[in-house]
Amino acid sequence: MSVAPPTVRRGIATRALLYAILLVFAVIYLMPLYVMLTTSFKTLEEIHQGNMLALPVDWTLAPWREAWGSACIGLECNGVHGYFFNSIKIVVPAVLISGLLGAFNGYVLTKWKFRGHKIVFGLILFSCFIPFQIILLPMARVLGILHLANSTWGLVLVHIVYGIGFTTLFFRNFYASFPDELVRAAQLDGAGFFVIFFRILLPASIPIIVVTIIWQFTNVWNDFLFGVSFASGDSAPITVALNNLVNSSTGVKAYNVNMAAAMVAAVPTLIVYILAGKYFLRGLMSGSVKG
């Protein structure tokens, strides 16, 4: 029976130690999610016993049903389902439109360069570093002028405007590494601006499209500041409803209902990362900055 060389044994031991450390950090990181999930299936009596890490003794879906359809948010007891669909109505057009505009910007800034294109890109890049709080007042003024205040479409506009800087950065860096020869060859064959974009560049942009969708979806879905500032009542997103649900509870705190509502708010983001997370790093690598 052969014995592994000392260097191989040390390598195996080092790798095992590294995996053990990563496993510990993963458990710590996932612990809040575990507590939220298990608490959402417990009864209040079981929660009051104080062992938050224990699995439910009597599994129940009642907190989920109450959170979805009958939990009191402010003065109304209709659950979070209406606000959940508000977030969907906000996130879908905001992600699609900001992504498409960012793709056009990146295409123009790399393949149809004009005088001062670097200055324009620098200004767009600067918008990525503007804090949310700075644009609250001017954006509120714009939404008032457009009669979009306190509406889901107003939030769509806000997220489109704020997201264009990031989507332009992603697509510009990706298209900077795309061969210019293919674009010139298409021009020689008579292809125009939109034909080159939709027939050549966009089909080859799947990795960076995935990155953009994940990035924008996460930012828009989890946003609270814009939602609480520019929407109210029935037009609010689920993050605002979740905050109101927790703060409007009276008497005994229904922790199981609150946790179930939080899980409802978190499920879409979890699904997006589970389905497309493996493409995220690949897209970032393919879209790395080219000088």
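Proximity of F178 to S205: side-chain heavy atoms (C-beta onward) are nowhere separated by under 4.5 Å. Contact annotation: the side chain of V161 approaches that of M139 to within less than 4.5 Å [non-hydrogen atoms, C-beta and beyond]. By the 4.5 Å heavy-atom criterion applied to side chains, I209 and L202 are counted as neighbours. Looking only at side-chain heavy atoms (C-beta outward), L53 and V35 come within less than 4.5 Å of each other. Between V80 and L242, every side-chain heavy-atom pair lies at or beyond the 4.5 Å cut-off. Y273 places none of its side-chain heavy atoms less than 4.5 Å from the side chain of F217. F171 is not listed as a side-chain neighbour of V211, based on a closest heavy-atom distance of 4.5 Å or more.
Within a 6.0 Å radius of CH2 in W153, no more than 12 heavy atoms belonging to other residues, nucleotides or ligands are found. Enclosure of atom CE in M31 by more than 12 non-hydrogen atoms of other residues, nucleotides or ligands within 6.0 angstrom is indicated. Taking a 6.0 Å sphere around CG of L137, one finds it holds 12 or fewer heavy atoms contributed by other residues, nucleotides or ligands. The environment of CZ in F166 is crowded: more than 12 heavy-atom neighbours from other residues, nucleotides or ligands sit within 6.0 Å. A 6.0 Å sphere centred on CD1 of I145 holds more than 12 heavy atoms belonging to other residues, nucleotides or ligands. Atom OH of Y19 has 12 or fewer heavy atoms from other residues, nucleotides or ligands within 6.0 Å.
Taking the six-membered ring where tryptophan is involved, the planes of F170 and W215 are perpendicular, since the angle between them exceeds 60° and thus also 30°. Between W112 and Y107, the ring planes lie perpendicular to each other; the angle is over 60°, past the 30° to 60° tilted range. The aromatic rings of F194 and F198 lie parallel to each other, with less than 30° between the two planes, well short of the 60° mark.
Distance check, rounded to the nearest 0.5 Å: CG of L148 to CG of L157 gives 6.5 Å. Rounding to the nearest 0.5 Å places OG1 of T152 at 6.0 Å from CG of N86. With rounding to the nearest 0.5 angstrom, the CG atom of N243 is 10.5 Å from the CD1 atom of I73. We find the NZ-CD1 distance between K253 and I47 to be 13.0 Å, quoted to the nearest 0.5 Å. The distance from the CZ atom of F41 to the OG1 atom of T60 is 9.5 Å, given to the nearest 0.5 Å. Put simply, CD1 on I208 and OG1 on T212 are 5.5 Å apart, with the number rounded to the nearest 0.5 Å.
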- Task: Let me see the working for I200 and V183 under side-chain contact (heavy atoms from CB on, under 4.5 Å), right down to the final yes or no.
- Result: CA-CA 8 Å; I200 299 177; V183 177; 5.7 Å; no
- Item | Stepwise side-chain contact (heavy atoms from CB on, under 4.5 Å) check, V240 with Y83 | CA-CA 8 Å; V240 176; Y83 305 97; over 6 Å; no
- Item | Chi angles and distances behind the side-chain contact (heavy atoms from CB on, under 4.5 Å) call for I196, Q187 | CA-CA 8 Å; I196 295 174; Q187 289 176 315; 3.6 Å; yes
- May I have the step-by-step check of side-chain contact (heavy atoms from CB on, under 4.5 Å) for V156 and V220, ending in yes or no? CA-CA 9 Å; V156 170; V220 176; over 6 Å; no
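Note: the hydrophobic cluster containing L123 does not contain L101 (ILVMFWY, side chain heavy atoms under 4.5 Å, direct or indirect links). In this structure, V95 is a member of the same hydrophobic cluster as I88, with clusters built from ILVMFWY side-chain heavy atoms closer than 4.5 Å. A single hydrophobic cluster is seen to contain both I134 and I160, as judged by linkage of ILVMFWY side chains at heavy-atom distances under 4.5 Å, directly or through other members. Criterion: ILVMFWY side-chain heavy atoms under 4.5 Å apart, direct or through other members. Under it, V27 and L18 are not part of a common hydrophobic cluster. In the hydrophobic cluster analysis, where Ile, Leu, Val, Met, Phe, Trp and Tyr join through side-chain heavy atoms closer than 4.5 angstrom, I164 is grouped apart from I119.
Checking side-chain atoms of T39 against main-chain N and O of M36 turns up no donor-acceptor pair under 3.5 Å. N256 contributes no side-chain N or O that, together with a main-chain N or O of T43, makes up a donor-acceptor pair within less than 3.5 Å. The backbone N or O of G69 sits nowhere less than 3.5 Å from a side-chain atom of H81 that would complete a donor-acceptor pair. D223 places no side-chain N or O within donor-acceptor distance of the main-chain N or O of N219, the cut-off being under 3.5 Å. When atom types are taken as modelled, the side chain of S87 and the backbone of I238 share a donor-acceptor pair closer than 3.5 angstrom. Under a 3.5 Å cut-off, the side chain of T168 and the backbone N or O of G165 do not form any donor-acceptor pair. T110 places no side-chain N or O within 3.5 Å of a backbone atom of R172 that could act as its donor or acceptor partner. Listed for the N105 side chain is no donor-acceptor partner under 3.5 Å among the backbone atoms of L109.
Legend: residues meeting salt bridge (Lys or Arg N to Asp or Glu O under 4.0 Å) with D180, ordered by chain and number and at least two apart, are K111.
Of the options F226, F230, F224, a ring pair (Phe, Tyr, Trp, His ring centres under 6.0 Å) to F132 is made by F226 and by none of the others.
Between P56 and W59 the shortest heavy-atom distance is O-NE1, 3.2 Å.
The ring of W221 has its center closer than 6.0 angstrom to the ring center of F84.
No side-chain donor-acceptor contact under 3.5 Å links S98 and Y162.
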